[in-house]
Every structure is written in structure tokens, then in C-alpha cells.
Amino acid sequence: MARRSLPILKHLLQSSKTSSSTTTSDLLHPFVSKRSVTYMPRPGDGTPRAVTLIPGDGIGPLVTGAVEQVMEAMHAPIYFEKYEVHGDMIKVPQEVIDSITKNKVCLKGGLATPVGGGVSSLNVQLRKDLDLYASLVNCFNLPGLPTRHENVDIVVIRENTEGEYAGLEHEVVPGVVESLKFCSERIAKYAFEYAYLNNRKKVTAVHKANIMKLADGLFLESCREVATKYPGIKYNEIIVDNCCMQLVSRPEQFDVMVTPNLYGNLVANTAAGIAGGTGVMPGGNVGADHAIFEQGASAGNVGNEKLMEQKTANPVALLLSSAMMLRHLQFPSFADRLETAVMHVISEGKHRTKDLGGTSTTQEVVDAVIAALD
């Protein structure tokens with residue numbers, strides 16, 4: 001989610017505290033009425049773009065369907081090429097890889113990953129095949145949604161293809177398994193570049209170099225070297241176990257966090273839980289040539305049968321992820337419009353799914369967002 005939307009959130013929060021008689025529409029009005037003149041498209045930039053769509057498993061079709069409805073209502077300049085992919089497949093069909101390679105951008109629901117048994121994760125396969133080495137999850141307070149902590153605005157940038165998730169493990173002898181871990185400096189470069197381009201002030205490297213002195217030591221060396229090239233950005237380091245404690249006690253101290261693969265998964269889910277839950281946190285995976293946008297934190301509810309039966313899955317995370325996608329495609333006004341509509345619905349509080357303390361269905365939230373678009 002772009003840094004530019006943060007003043008909107010802060011204004012909403014501050015205004016709601018100072019004036020109980022002010023309506024949500026009044027709060028959003030100044031931002032809706034102002035038009036930016038800073039984005040000048042090139043001729044042809046409005047040509048509709050193809051986006052590969054993978055509904056996925058469980059609640060995936062429900063929340064990706066929500067995005068399709070909202071995009072259609074906005075007349076967004078994109079169209080979807082939809083493919084059926086499921087977590088129990090041996091591998092991602094080649095036609096899907098070809099589609100993402102051609103379109104450069106994909107939106108996906110969660111893919112169920114079998115636990116154990118030697119079956120590889122299709123989520124990891126996609127990241128490896130497309131070299132999507134950076135995962136980004138934005139964890140922040142939403143206006144009108146009460147949480148234990150305020151002023152949370154954390155971006156977790158996690159290495160996506162190396163570390164433990166590289167899957168470099170084998171059985172040496174029966175009963176003895178060896179796992180290898182490696183890392184490169186490109187995730188450090190991406191984290192600092194992201195911070196620089198989004199006016200972020202601090203990058204924190206999360207590590208366990210006190211124990212894994214060579215592997216995590218190399219990660220820290222890379223971060224320190226890259227940090228010297230960005231003197232305007234503060235850099236610090238924190239051990240992963242202390243990081244988890246600090247996240248649940250004082251999360252407002254963090255800005256951008258860069259982590260190896262396994263730690264990042266834990267840190268991103270912890271930060272998401274603090275800021276409102278996995279159902280509202282957007283995210284994406286990006287490499288030099290391709291990007292896949294999906295729910296930011298772990299899609300642990302992908303196979304929740306009750307959510308599927310009652311059709312009450314929260315579509316907010318994927319809607320905000322699609323706003324990130326629109327901005328990635330250089331359609332900023334559509335991204336702003338979608339984000340503003342989602343924030344309006346959350347702030348108003350009339351249409352929320354069960355995980356946010358409400359009773360609404362997925363479709364009721366979608367209808368509310370569409371109504372708030374204009």
C-alpha cells in the first residue's frame with residue numbers, strides 16, 4: 001500500500017476522536033474531491049492490461065470474485081485471464097506460468113499446501129519459477145477498527161526464494177535429514193530501495209546471527225553494506241526472538257523490516273495480528289520481471305469450511321492487494337479510489353465480516369465497497 005495513503009488514515013483517526021458528530025462521508029470528502037495533477041500518463045497508458053487470475057482453493061474463489069466485481073464496477077482498465085490451480089496438483093500447469101510470464105502480473109487466492117509427505121508447495125514453486133524474491137506485507141491500523149496498539153504502520157519485506165524455503169534438504173542416512181541455508185544481498189537492496197522510494201525513515205534487519213553466525217551473519221553484512229548507500233535512512237538490527245516481543249509490546253517503533261525467509265513469515269503474521277488480522281493486510285511478491293499480488297499475511301483460513309459455507313470470508317485484504325496491483329500497473333487514480341472506498345466501509349463500521357466483529361457476508365462487504373466508490 002502506498003505511503004501517500006497514510007495521511008488519509010491519520011486524518012480519519014484524528015478527526016473521529018475530535019468530532020463525534022462528523023460523518024465518515026464528511027471525513028473522506030476532502031480527499032475524494034481533490035484531484036492529483038502529478039501523474040501524467042503517456043499516450044496509450046490507458047490501454048486495458050491483462051492480469052492472470054488464480055482463484056485458488058477454499059475461500060480463494062470467494063475473495064477473488066469480490067475483486068472481479070469491484071474492478072468491473074470501477075471500469076478499471078484491466079481484464080483477467082483466469083486459470084484453475086489447486087494446491088493438490090503436482091505442479092503449476094505450464095500454461096499458467098506462460099500466462100504470468102506474458103502478462104507480468106498475477107492476482108491469486110490462497111493455494112492449500114499439504115503438510116509433510118514430501119509434497120512441495122505450489123506457492124513456493126510460483127515464486128521460484130518466476131524469481132519473485134521479495135515478499136511485501138503492509139501491516140497498519142485501519143480507520144475505525146479498534147486494535148490494542150495505535151500508530152502501527154509496518155512494512156515487512158521478506159526474502160522469498162532463499163533461506164529455509166529454498167528446500168535444499170535431503171536425507172543423509174535413514175533418520176537424519178540435512179537442510180542447507182543460503183542468502184544473497186538482493187533482498188537488502190530491495191528493502192532500502194523501497195524505503196527510499198516510499199519516504200520511509202528506518203530499515204530494521206531481523207536476524208539470528210548470534211546463533212547462525214555464518215548464514216545470518218552474511219545477511220547482516222549485506223544489509224550493512226547496502227545501508228551505507230542510503231545515508232538518509234536509519235538502519236538498525238534486532239534478533240528475531242526479541243523482535244517478536246517488541247512487536248507485541250511496542251510495534252509503533254518499527255517502519256520497514258527486512259528479514260530472511262522463515263523469520264519473515266513469522267514476523268509478518270505477528271504484525272498482521274497486531275494491526276487488525278490477516279483478513280485486512282495487503283501484500284505481494286515481486287521480482288525483476290513479474291509480480292503476484294495476494295493476501296499479505298498467511299492465508300491460514302484458505303480451507304476454513306465454515307467461511308466457505310456461510311460465504312463470510314473477509315475480502316478486504318485482497319481488495320487492498322488489488323489496489324497495490326493497480327498502482328504497480330500505473331493506474332494510480334483507480335488504486336486511490338479503491339483504497340478510499342475500502343477505508344470508508346471499514347470506518348463506517350456497518351459492513352464487517354466476523355473476524356472484524358461484524359456479521360456481514362463477503363457479498364455484503366463487496367456491495368458496500370462498490371456503493372462507496374462514488
Problem - Cluster overlap Val248 with Val240, hydrophobic side-chain contacts below 4.5 Å - result: yes

Completion exercise
Residue set satisfying side-chain hydrogen bond (donor to acceptor under 3.5 Å, both in side chains) with Glu237, at least two apart, ordered chain then number -> Arg224, Tyr235

Problem - Partner set under side-chain contact (heavy atoms from CB on, under 4.5 Å) for Gln310, not counting sequence neighbours - result: Lys306, Thr312

Exercise for the section: Mark yes or no for whether Glu159, through its side chain, and Thr161, through its backbone, hold a donor-acceptor pair below 3.5 Å. Expected result: yes

Problem - Any donor-acceptor N/O pair, Arg158 side chain to Asn261 backbone, under 3.5 Å - result: yes

Fill in the blank from the handout: The salt bridge (charged side-chain N to carboxylate O under 4.0 Å, His left out) partners of Glu364 (sequence neighbours excluded) come to none

Determine all donor-acceptor pairs shorter than 3.5 Å in which one atom belongs to a side chain in residues 76-85; sequence neighbours excluded.
from: Glu81; atom 1: OE1; to: Ser99; atom 2: OG; distance (Å): 3.0
from: Glu81; atom 1: OE1; to: Lys102; atom 2: NZ; distance (Å): 3.4
from: Glu81; atom 1: OE1; to: Asn103; atom 2: ND2; distance (Å): 3.0
from: Glu81; atom 1: OE2; to: Lys102; atom 2: NZ; distance (Å): 3.0
from: Lys82; atom 1: NZ; to: Glu68; atom 2: OE1; distance (Å): 3.4
from: Glu84; atom 1: OE1; to: His86; atom 2: NE2; distance (Å): 3.2

Practice task
For atom OH of Tyr196, decide whether the heavy atoms of other residues, nucleotides or ligands shown that lie under 6.0 angstrom number more than 12.
Solution key: no

Problem - Co-membership, hydrophobic cluster, residues Phe219 and Tyr230, 4.5 Å side-chain - result: yes

Exercise for the section: Report the residues that fulfil salt bridge (charged side-chain N to carboxylate O under 4.0 Å, His left out) with Asp131, sequence neighbours left out, ordered by chain and then residue number. Expected result: Arg186

Handout entry: Listed partners of Phe293 passing ring pair (Phe, Tyr, Trp, His ring centres under 6.0 Å), at least two apart
Key = His328

Exercise for the section: Taking Ser347 for its side chain and Met343 for its backbone only, find out whether a donor-acceptor pair lies under 3.5 Å. Expected result: no

Practice task
Scan Ile154, Asn151, Leu320 and name whichever one has a side chain to side chain contact (heavy atoms under 4.5 Å, CB included) with Phe140.
Solution key: Leu320

Practice task
Answer yes or no: is there a donor N or O on one side and an acceptor on the other, between the side chain of Ser360 and the main chain of Arg352, under 3.5 Å?
Solution key: yes

Practice task
Would you confirm whether Thr52, through its side chain, and Cys106, through its main-chain N or O, come within 3.5 Å as a donor-acceptor pair?
Solution key: no

Handout entry: Residues Asn269 and Thr278: side-chain donor-acceptor under 3.5 angstrom
Key = no

Problem - Under 3.5 Å donor-acceptor, Thr362 side chain and Lys311 backbone - result: yes

Practice task
Using salt bridge (charged side-chain N to carboxylate O under 4.0 Å, His left out) as the criterion, list what pairs up with Arg337, not counting sequence neighbours.
Solution key: Asp374

Exercise for the section: Heavy atoms only: give me the nearest Phe334-Met74 pair and the separation to one decimal. Expected result: CE2-O, 3.5 Å

Completion exercise
Sorted by chain and residue number, the side-chain contact (heavy atoms from CB on, under 4.5 Å) partners of Ala195 (sequence neighbours excluded) come out as Arg200, Val203, Ile233, Val256

Exercise for the section: Determine whether Leu220 and Ile157 fall in the same hydrophobic cluster, where Ile, Leu, Val, Met, Phe, Trp and Tyr are linked whenever their side-chain heavy atoms lie under 4.5 Å apart. Expected result: yes

Exercise for the section: Kindly write out the residues that satisfy side-chain contact (heavy atoms from CB on, under 4.5 Å) with Thr64, not counting sequence neighbours, or none if the list is empty. Expected result: Leu53, Pro55, Leu318

Exercise for the section: Look at the side chain of Asn138 and the backbone N and O of Gly283, then say whether any donor-acceptor pair between them is shorter than 3.5 Å. Expected result: no

Handout entry: Any donor-acceptor N/O pair, Lys202 side chain to Gln253 backbone, under 3.5 Å
Key = yes

Exercise for the section: State whether the side chain of Asp255 and the backbone N or O of Lys201 hold a donor-acceptor pair below 3.5 Å, judged by distance alone. Expected result: yes

Exercise for the section: Quick one: list whatever passes salt bridge (charged side-chain N to carboxylate O under 4.0 Å, His left out) with Asp45, sequence neighbours left out. Expected result: Arg42

Completion exercise
The side-chain contact (heavy atoms from CB on, under 4.5 Å) partners of Ala275 (sequence neighbours excluded) come to Cys139, Val152, Met281

Exercise for the section: Could you tell me which residues satisfy side-chain hydrogen bond (donor to acceptor under 3.5 Å, both in side chains) with Gln69, sequence neighbours excluded, listed by chain and number? Expected result: Gln363

Problem - Side-chain H-bond candidate by donor/acceptor type, Lys354 with Asn314, under 3.5 Å - result: no

Handout entry: Least distance between heavy atoms, Met257 atom then Leu247 atom
Key = SD-CD2, 4.4 Å

Handout entry: Glu294-Asn285 side chain donor-acceptor pair, cut-off 3.5 Å
Key = yes

Handout entry: More than 12 heavy atoms of other groups within 6.0 Å of Ile90 CD1
Key = no

